[in-house]
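The next block holds one structure in the form of structure tokens; read it before the comments.
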Amino acid sequence: MIRHFVYYLQVNRLGWKRMMFFSKDFILDQVLDIVGLVLGLVFYRILYFQIKSSLGIPLFDLYILVLTVKTVNDFYGLFFSSNISQLPQRVQYGTLDHLLIKPLHLHFQMFCSIMGFKALGRLLIDIVLFIIIVQQFQIHVDFLHITTYLLVLLLALLIFTSFHIILYLGAIIFIKFDAFTSLFTSFFTLSTFPGVIFAQPAIKWLFTYIIPVLIIGNFPLLALKQGMTRSVLLTACLCCAIFLTLAYSATRFMLRYYKSATS
């Protein structure tokens with residue numbers, strides 16, 4: 001564990017210094033993130049007042065839903081995306097060999113050894129906006145519901161990450177895998193949609209257990225709004241366990257078919 005922590009600090013210290021050196025790029029990225037998020041919330045506000053009678057949820061829920069999905073994406077970008085999204089390139093150019101021969105934990109080096117520091121600024125923006133929205137709508141949120149919200153958010157993050165790991169592992173067999181991966185990950189844009197639109201049981205089951213769209217945004221929202229029942233929490237935990245197991249097993253299985261591109 002200590003070796004992993006030391007390695008993590010050494011690798012990411014260089015990334016932090018690189019980000020500070022190119023500080024203008026970092027600041028521009030944060031500004032664009034703020035502008036994009038504000039424009040998105042304005043768009044949802046306009047859309048809400050056009051169809052609110054048929055949407056069935058208050059504006060606060062819609063804002064928190066959008067912000068929750070963005071937070072999950074930003075946590076993924078901070079801890080996992082820099083590693084997982086590079087897997088096809090590592091397979092194609094043979095640099096995956098460097099990870100496989102290093103005397104550290106395989107899954108740690110493949111999936112979470114490098115941080116995406118730009119996402120750190122985005123997370124701070126998410127927190128500030130969350131506080132502003134709660135205060136603006138004068139919503140009472142106590143410690144228990146915040147804790148439950150963060151717990152379900154963590155489960156959503158693990159599910160979201162595991163799903164991406166399973167997809168990107170396909171690059172070990174099909175090197176040009178980016179387009180196929182983008183097709184499936186595009187479904188996660190549905191995470192910002194209220195759960196009421198997934199009314200049919202078959203659709204709800206599909207977007208819970210196969211492509212976990214509902215868990216990413218709607219489940220944390222239920223936890224925050226005191227609507228988290230035991231069955232919903234159990235579903236989130238069960239899905240998390242299933243996707244983590246699949247990601248772990250798929251990694252061990254797919255590496256059997258890996259052949260170095262440099263050999």
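- Checked against the 6.0 Å centroid criterion, the rings of Phe111 and His164 do not qualify as a close aromatic pair.
- Proximity of Thr235 to Arg230: side-chain heavy atoms (C-beta onward) are nowhere separated by under 4.5 Å.
- Ile146 and Leu67 fall within the same hydrophobic cluster, defined by Ile, Leu, Val, Met, Phe, Trp and Tyr side-chain heavy atoms under 4.5 Å apart, directly or through other members.
- In this structure, the side chain of Asn218 engages the main chain of Phe193 through a donor-acceptor pair within 3.5 Å.
- Gln86 places a side-chain N or O within 3.5 Å of a backbone atom of Ser82 that can act as its donor or acceptor partner.
- No chain of hydrophobic side-chain contacts below 4.5 Å, direct or via other Ile, Leu, Val, Met, Phe, Trp or Tyr residues, connects Leu169 to Leu244.
- In terms of the side-chain hydrogen bond (donor to acceptor under 3.5 Å, both in side chains) criterion, Tyr76 has no residue partners (sequence neighbours excluded).
- To the nearest 0.5 angstrom, Ser191 atom OG is 7.0 Å from Phe160 atom CZ.
- Using a 4.5 Å cut-off between side-chain heavy atoms of Ile, Leu, Val, Met, Phe, Trp and Tyr, Leu144 forms no hydrophobic cluster with any other residue.
- The side chain to side chain contact (heavy atoms under 4.5 Å, CB included) test with Pro212 singles out one residue from Leu206, Ile242, Ile159, and that residue is Ile159.
- Between Phe188 and Phe163, a ring centre-to-centre spacing shorter than 6.0 Å is recorded.
- Aromatic ring orientation, Trp205 versus Tyr209: tilted (interplanar angle from 30° to 60°).
- Judged as a side-chain hydrogen bond (donor to acceptor under 3.5 Å, both in side chains), the pairs with a partner in residues 123-132 (not counting sequence neighbours) are, in order, Lys70-Asp126.
- No continuous path of ILVMFWY side-chain contacts below 4.5 Å connects Phe143 to Ile131, so the two sit in separate hydrophobic clusters.
- A search for ring-ring contact (aromatic ring centres under 6.0 Å, His included) contacts involving Phe137 returns Phe60, Tyr63, not counting sequence neighbours.
- Phe243 meets the ring-ring contact (aromatic ring centres under 6.0 Å, His included) test with no other residue; sequence neighbours excluded.
- By the side-chain hydrogen bond (donor to acceptor under 3.5 Å, both in side chains) test, Asn83 is found to be paired with Ser113, residues two or more places apart in sequence or in another chain being considered.
- Counting all heavy atoms, side chain and backbone alike, Ala247 lies closest to Ile165 at CB-CG2, 4.1 Å.
- For the atom pair CG of Leu238 and CG of Leu233, the computed distance is 11.0 Å after rounding to the nearest 0.5 Å.
- Centroid-to-centroid, the aromatic rings of His145 and Tyr149 stay 6.0 Å apart or farther.
- Put simply, CD1 on Ile127 and OG1 on Thr71 are 8.0 Å apart, with the number rounded to the nearest 0.5 Å.
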